[in-house]
Amino acid sequence: GTTRLPNLNQLDASLRKVFRTGGRIYTPRLDFYNLLNSTTVTGRNNVLGSNYLAVNSIQRGMVIKAGLALDF
């Protein structure tokens, strides 16, 4: 009575580089989430009826986040 969802493949990465000038430290940062951009089904409707096994949720697409830290 159980159903199995497909395998979830996801690759995340983060890049940082420290720059020092005078008494200040700059650290730019790039974060990549779901770098493979896969859209796997993560949830299905298990209630009997016309929507049985309909997709409820999928994995989000690729997200890129940028940031900057400043220490002085």
Side-chain angles (χ1 to χ4, degrees):
T2 60
T3 59
R4 188 172 166 91
L5 295 173
N7 291 333
L8 179 68
N9 297 319
Q10 183 172 342
L11 177 65
D12 298 337
S14 181
L15 301 172
R16 297 179 194 185
K17 175 70 176 159
V18 176
F19 297 100
R20 298 174 195 267
T21 58
R24 295 192 174 124
I25 301 172
Y26 300 94
T27 309
R29 174 179 167 181
L30 276 175
D31 294 326
F32 300 94
Y33 300 99
N34 192 11
L35 197 57
L36 302 176
N37 201 25
S38 59
T39 54
T40 305
V41 174
T42 59
R44 291 193 179 270
N45 185 2
N46 292 327
V47 178
L48 290 176
S50 61
N51 289 332
Y52 182 64
L53 294 181
V55 175
N56 280 346
S57 60
I58 61 172
Q59 181 181 6
R60 291 183 66 182
M62 184 171 59
V63 175
I64 300 173
K65 191 190 313 186
L68 175 69
L70 173 61
D71 295 328
F72 53 94

ask   = Quick one: do Leu15 and Leu11 end up in the same hydrophobic cluster if we chain Ile, Leu, Val, Met, Phe, Trp and Tyr together by side-chain heavy atoms under 4.5 Å apart?
value = yes
Cluster overlap Val41 with Leu53, hydrophobic side-chain contacts below 4.5 Å = no
For residues 26-35, which side-chain N or O atoms pair as donor and acceptor with protein atoms under 3.5 Å away, sequence neighbours left out?
from: Arg29; atom 1: NE; to: Asp31; atom 2: OD1; distance (Å): 3.2
from: Arg29; atom 1: NE; to: Asp31; atom 2: OD2; distance (Å): 3.0
from: Arg29; atom 1: NH2; to: Asp31; atom 2: OD2; distance (Å): 3.0
from: Asp31; atom 1: OD1; to: Ser14; atom 2: OG; distance (Å): 2.6
from: Asn34; atom 1: OD1; to: Asn37; atom 2: N; distance (Å): 3.4
from: Asn34; atom 1: OD1; to: Ser38; atom 2: N; distance (Å): 3.4
from: Asn34; atom 1: ND2; to: Ser38; atom 2: O; distance (Å): 3.1
from: Asn34; atom 1: ND2; to: Arg60; atom 2: O; distance (Å): 2.6

query = Is Leu36 reachable from Ile64 through a run of hydrophobic residues whose side-chain heavy atoms are each under 4.5 Å from the next?
reply = yes
query = Thr42: what forms a side chain to side chain donor-acceptor pair (under 3.5 Å) with it, not counting sequence neighbours?
reply = Ser57
inquiry  = To check you understand the geometry: which heavy-atom pair defines the closest contact between Thr40 and Asn7, and what is its length?
reply    = CG2-O, 3.3 Å
Members besides Ile25 in its Ile/Leu/Val/Met/Phe/Trp/Tyr cluster (side-chain heavy atoms under 4.5 Å) = Val18
message = Can you list everything that forms a side chain to side chain contact (heavy atoms under 4.5 Å, CB included) with Asn56? Sequence neighbours excluded, please.
response = Asn45
message = If hydrophobic clusters are built from ILVMFWY residues whose side chains come within less than 4.5 Å, do Tyr52 and Val55 share one?
response = no
task = Would you mind listing every salt bridge (Lys or Arg N to Asp or Glu O under 4.0 Å) that reaches into residues 4-26, with sequence neighbours excluded?
result = none
